[in-house]
2 protein chains.
Amino acid sequence: MEIGEEVEVVERHMRKMGFRWTSQRSLVTRTVFTSHEHFSAEELLELCRKMDREVSRATVYRTLSMLERAGFVEGLDTGDGGRKFEHVLGHPHHDHMLCNSCGVIIEFFDEELERRQEVAAKLHGFEIQRHSLKLFGICRTCRVRKAEDSSEA
Amino acid sequence: MEIGEEVEVVERHMRKMGFRWTSQRSLVTRTVFTSHEHFSAEELLELCRKMDREVSRATVYRTLSMLERAGFVEGLDTGDGGRKFEHVLGHPHHDHMLCNSCGVIIEFFDEELERRQEVAAKLHGFEIQRHSLKLFGICRTCRVRKAEDSSEA
DNA sequence: ATTGATGCAAAAGATTTGCAAACTG
DNA sequence: CAGTTTGCAAATCTTTTGCATCAAT
């Protein structure tokens, strides 16, 4: 799916929900779908301001939260109090590994993990609406680097 | 393990690490291990102030963060920007289900889930240090209540 | 024209920090 | 005693909100 299409899907959905489609909402939405990395709200604001340095912080925050509630964007707590976001459209579900050393975020998916979560939920009569699985640790690159550092020393 | 013992374990560990053991650190630690629910930093401050209304917010925050870094306390992002904490000593690892309706937090554990996470990590050369799995949805009680509400209506 | 959306600046909530004074080892 | 830790208040950081103005339908 190209970015233009994704933005149109969002626009149609928002209009259907009775929201107005403004140039700001279009800008923020385009920026969200152009960003193929995880971004914080402030980073999104900066990215938007590169296109239009007049957008207000409030509008970016409001639009981001609108996109999140509509399910086009998902928030990800980074474990240290921060939050990152990613777009979801045309981006199948996945979980995350976060490197405590370099901060990189790796996406992964495991069918069996998904299944077992449903099993565990059923056992408690719990109905899953969404889930969040994060593995915190050290990524391959950092492990290699550390191994090298210690052999050099 | 009784609360006194847990506090002693923490005290010994902290002293060994070269930290000083003050009345405030003892108070915060005792409060953390007395709390058998998930608490926010501000709630912990209030609980501590019930024992000693002189403790400062900064000290409670600093001690909490010290306990977290030492691994005696774990933080849990509630998905809406908030953070809750729980003590870990003598409290085996578990994951959480969070009810979006009533806010209750259910703890659960599934051996197979743990195993699969390791498998997924290995596949990416990633070394897990800790993980966080949260299922957001509706708990049994709320589901029953909703079913009743709709049949009454 | 109506009503929702924007921008601003102020407010709010959570946590951190600088520094003098108090306390621990 | 020396070096930590505390308490306070101010500073940060992130996000939200009130309200007058502007714009989409």
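Reckoned from all heavy atoms, side chains included, excluding hydrogens, waters and symmetry mates.
- When the nearest nucleotides of DNA chain C are assigned to R83(B) and T63(A) by heavy-atom distance, the more 5′-ward of the two goes with T63(A).
- Put simply, CD on E68(A) is 13 Å from C1' on dT15(D), counting in whole angstrom units.
- Partners of R143(B) by salt bridge (charged side-chain N to carboxylate O under 4.0 Å, His left out), not counting sequence neighbours, listed by chain and number: E127(A).
- Residue pairs satisfying the side chain to side chain donor-acceptor pair (under 3.5 Å) criterion with at least one member in residues 63-72 of chain A, sequence neighbours excluded, are listed as follows: S65(A)-R69(A), E68(A)-R83(A).
- Taking all atoms of both residues into account, the shortest heavy-atom contact from F136(A) to T78(A) is CE2-O, 3.4 Å.
- For the pair D77(A) CG and dT14(D) C1', the interatomic distance rounds to 13 Å; values are reported in whole Å.
- The backbone N or O of L76(A) lies less than 3.5 Å from no partner atom in the side chain of K134(A), so there is not a single donor-acceptor pair.
- Regarding M66(B), its CE atom lies at a distance of 8 Å from the P atom of dT5(D), rounded to whole Å.
- Annotation: the terminal axes of the helix from dA1(C)-dT25(D) to dG25(C)-dC1(D) meet at 40°, where each axis is the rotation carrying the C1' atoms of four end pairs onto the next four (5 pairs per end, rounded to 10°).
- Between T59(A) and the phosphate of dG7(C), there is a side-chain N or O to OP1/OP2 separation shorter than 4.0 Å.
- The shortest heavy-atom contact between T29(A) and W21(A) is OG1-CH2, 3.5 Å.
- R25(A) contributes a side-chain N or O that, together with a main-chain N or O of R20(A), makes up a donor-acceptor pair within less than 3.5 Å.
- No side-chain donor-acceptor contact under 3.5 Å links H91(B) and E74(B).
- As a whole-Å value, the separation of L27(A) CG from dA5(C) P is 17 Å.
- Between L67(B) atom CG and dT5(D) atom P there is a gap of 13 Å when expressed in whole angstrom units.
- Both F85(B) and R25(A) lie close to DNA chain C; mapped to their nearest nucleotides by heavy-atom distance, the more 5′-ward contact belongs to R25(A).
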Scan nucleotides 16-25 of chain C nucleotide by nucleotide, 5' to 3', and note B when protein non-hydrogen atoms come under 4.0 Å of the base, S if they reach only the sugar-phosphate, - if neither. BBB-----BS

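- Take D52(B) and apply the salt bridge (charged side-chain N to carboxylate O under 4.0 Å, His left out) test, not counting sequence neighbours, and it matches no residue.
- Taking atom CG of L64(B) as the reference point, atom P of dT5(D) lies 16 Å away to the nearest angstrom.
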Under 3.5 Å donor-acceptor pairs involving side-chain atoms of residues 98-105 of chain A, not counting sequence neighbours:
unit_1, atom_1, unit_2, atom_2, d
N100(A), ND2, Q129(B), OE1, 2.8
S101(A), OG, R145(A), NH2, 3.4

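- For M14(A) and dA5(C), the CE to P distance is 11 Å, given to the nearest whole Å.
- Counting to the nearest Å, the C1' atom of dT5(D) and the CD atom of E54(B) are 17 Å from each other.
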